[in-house]
Every structure is written in structure tokens, then in C-alpha cells.
A.B. asks: 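Pasting in a structure now, in C-alpha cells, and then I'll have a few things to ask.
All figures in this text were calculated on a predicted structure; none of them were measured in a lab. In what follows, every heavy atom counts, from backbone to side chain, and hydrogens, waters and symmetry copies are set aside.
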Amino acid sequence: MRKNFLITIVSLGILTTSLFNMDYTVADVFKNNIENIKLLSPNPQIPPSTEDYEIATPFITLGKKFQDIKALKEESDLIVEEKAKTTKTIIVHNNPITITELEVYEVYKTDDDNIKKGSTICMGENGGILSKEYLIEHYKNKFGIEPKDAENIKPIKEAPNGILPMEVGDHVLIFAIKASDFTEGNCYFVVGAYQGKFSIYGDKVKHQVPDMVEAFFKDKVVTKKELIDKINSN
């Protein structure tokens, strides 16, 4: 089963002066008007950066809001508990996508019998790191000159609606759909942009959604056991 996984990124509309005013820094362009991110070459991969980065929180429109665990489960091709081993950012239709390699701990639903405990799978989600080199190249491509603040530029990490994509070491339980058309190989995508992601902290869980979405969600699970019981009961 393949579903449309891309989410529309909407401009925050903060800028009130023409973007052709060269007094704008790279941070102004990317943090205040995220719509200006352009594809520089077909599906370029952005290498991970060890530098400090700034956070941008673009607004994204959810194509569908899920009310409970049952709805997430019905939408999913795969439900797994796993831990992030590696991450990288790619650009798809002008938007950063984080691709995470995950080690599977437990499988609660699968469309592939080869996915089992100990397997490694690929997972995509909205958001990711825009490297310093990418930001400078974009600015030059847009304005035809070097940015005045080039030496001070930091990478920018996009966290759509304030939800950060996974990082190495994250322990999660994810509801996912098959979406292999944005990367090579067998890959999945988090259901509902971020709605299908639960972070695990010992025996506790945290649904990775903004407050406005959490208020809409009926199943207020706070422990791993409660979450798994809900999955198994539906």
C-alpha cells in the first residue's frame, strides 16, 4: 500500500519588506520565510553536520488528523518499536526529509515478513538539517551574491510545527506507511507527518505532536504498556 506522504509547507509570512533587499541575512531568508527553500539539484543529499544549528519551525498543514490509536493502526502498514542508528537529510520537492536507519526491537504490525526483531529498516519523516553549504548556495542562487553573514552562518534544522525529526539514539514506537518513492530501497514514512511517532523513555511514552493535535487525540497514553495494550486491543 502506498500513500501520499508529502506535507505542504506554508510560508510563515513574517517578512514585510521585499526579499530583494540585500540587508537580509541567510537566517532571515530561511527562518522567516521557509517557502523560499528551493531545490538546487535533483534530490541532493545534505550531509549530516556536527556544527551547532538553529531551529526553524515551519507550519505544515496536516492532510488528515488521527483521533486515536485505532485510527493510526488502521492507516499503518507497519508498527514497530525501534532505536535510531543513523540519520541523514535529503531534499524532496523542495522540502528537507530526514531518513533514519532504525534497529527493530519489537513488531506489532507488518506488511513484510522479513521485518522482525533485530532487523534494520529505513524511516522517513518531515524536517531535517539544511547545511551551511546548502544555505549559502541557495542564497547565491536566489540573489546572485555571497551572503554578507557567510562566516557566521549555522546549519538550520527544520522542526515542522515544532516537532523535531529523529536523532541518533532515539527510542521510539512508530506507526508507518510504505513510501519508497522518495529514496532508494525499502523505506517507510511516519503516519500523519509526525502523528504516528511516540518517544519511549523507560516505561513512559510521549506522543510527538504539538499541543493543538494532542488536545484532539482521544487516547492519552502515558506508559509504554498503555500504548501497547491499545495497539493490541484494536
Side-chain angles (χ1 to χ4, degrees), residues 5-62 84-102 122-170 179 181-184 187 189-190 193-194 197 208-210:
F5 64 90
L6 291 175
I7 307 300
T8 301
I9 291 190
V10 180
S11 167
L12 299 181
I14 297 174
L15 299 184
T16 57
T17 309
S18 169
L19 282 173
F20 290 99
N21 180 341
M22 296 308 174
D23 288 336
Y24 280 112
T25 65
V26 168
D28 289 330
V29 173
F30 280 88
K31 293 182 71 178
N32 293 340
N33 195 346
I34 214 69
E35 188 180 40
N36 287 319
I37 297 172
K38 301 298 181 185
L39 189 64
L40 300 180
S41 61
N43 200 29
Q45 179 179 322
I46 303 174
S49 174
T50 58
E51 301 175 61
D52 292 334
Y53 52 77
E54 297 186 39
I55 299 292
T57 56
F59 175 78
I60 64 172
T61 301
L62 298 175
K85 297 171 63 177
T86 65
T87 65
K88 65 181 180 182
T89 300
I90 63 172
I91 300 296
V92 180
H93 298 311
N94 303 345
N95 299 321
I97 300 290
T98 293
I99 304 297
T100 303
E101 182 184 66
L102 295 150
C122 163
M123 188 71 62
E125 58 184 324
N126 291 88
I129 293 179
L130 300 171
S131 70
K132 177 177 179 176
E133 295 74 21
Y134 180 91
L135 297 174
I136 292 173
E137 186 62 29
H138 169 75
Y139 192 96
K140 288 165 60 179
N141 188 57
K142 183 175 183 64
F143 297 117
I145 61 172
E146 290 274 352
K148 66 178 183 179
D149 59 337
E151 69 281 1
N152 299 318
I153 293 170
K154 292 182 180 180
I156 291 177
K157 187 166 190 176
E158 280 195 21
N161 292 356
I163 304 300
L164 286 165
M166 283 181 279
E167 297 184 349
V168 173
D170 283 358
D181 50 342
F182 63 92
T183 187
E184 294 181 2
C187 213
F189 203 84
V190 178
Y194 42 66
K197 184 169 67 173
Q208 292 298 312
V209 294

A.B. asks: Taking all heavy atoms of Leu164 and all of Lys197, pick out the closest pair and write down the distance.
C.D. replies: O-NZ, 3.0 Å
A.B. asks: If you compare all heavy atoms of Thr61 against all heavy atoms of Phe59, which two are closest, and at what distance to 0.1 Å?
C.D. replies: OG1-CE2, 3.7 Å
A.B. asks: Of all the heavy-atom pairs spanning Tyr194 and Asn161, show the shortest one and how long it is.
C.D. replies: OH-ND2, 2.8 Å
A.B. asks: Can you confirm whether Pro165 sits close enough to Thr87 that some side-chain heavy atom of one is under 4.5 Å from a side-chain heavy atom of the other?
C.D. replies: no
A.B. asks: Looking at every non-hydrogen atom in both residues, tell me the closest pair between Ile99 and Cys187 and how far apart they are.
C.D. replies: CG2-SG, 4.5 Å
A.B. asks: Hey, does the side chain of Thr100 reach the backbone of Ala84 with a donor-acceptor pair shorter than 3.5 angstrom?
C.D. replies: no
A.B. asks: If you look at every heavy atom in Ile145 and Tyr139, which pair is closest and at what distance?
C.D. replies: O-CD2, 3.6 Å
A.B. asks: To the nearest 0.5 Å, what is the distance between CD (Glu151) and NZ (Lys132)?
C.D. replies: 8.0 Å
A.B. asks: Does any non-hydrogen side-chain atom of Tyr53 lie less than 4.5 Å from one of Leu130?
C.D. replies: no
A.B. asks: Got a donor-acceptor contact below 3.5 angstrom from the Thr98 side chain to the Glu125 backbone?
C.D. replies: no
A.B. asks: Using side-chain heavy atoms (C-beta onward) and a distance below 4.5 Å, is Phe189 in contact with Ile97?
C.D. replies: yes
A.B. asks: Mind checking the CD1-NZ spacing from Ile153 to Lys148? Nearest 0.5 Å is all I need.
C.D. replies: 11.5 Å
A.B. asks: Nearest 0.5 angstrom please: Lys157 NZ to Ile129 CD1, how far?
C.D. replies: 5.0 Å
A.B. asks: What is the distance from atom CD of Glu158 to atom OG1 of Thr89, rounded to the nearest 0.5 Å?
C.D. replies: 9.5 Å
A.B. asks: In Å and rounded to the nearest 0.5 Å, what is the CD to CD distance from Glu137 to Glu146?
C.D. replies: 8.5 Å
A.B. asks: Nearest heavy-atom pair of Ile163 and Gln208: which atoms, and what distance?
C.D. replies: CG2-O, 3.7 Å
A.B. asks: Rounded to the nearest 0.5 Å, what separation is found between the OG1 atom of Thr86 and the CG atom of Leu102?
C.D. replies: 8.0 Å
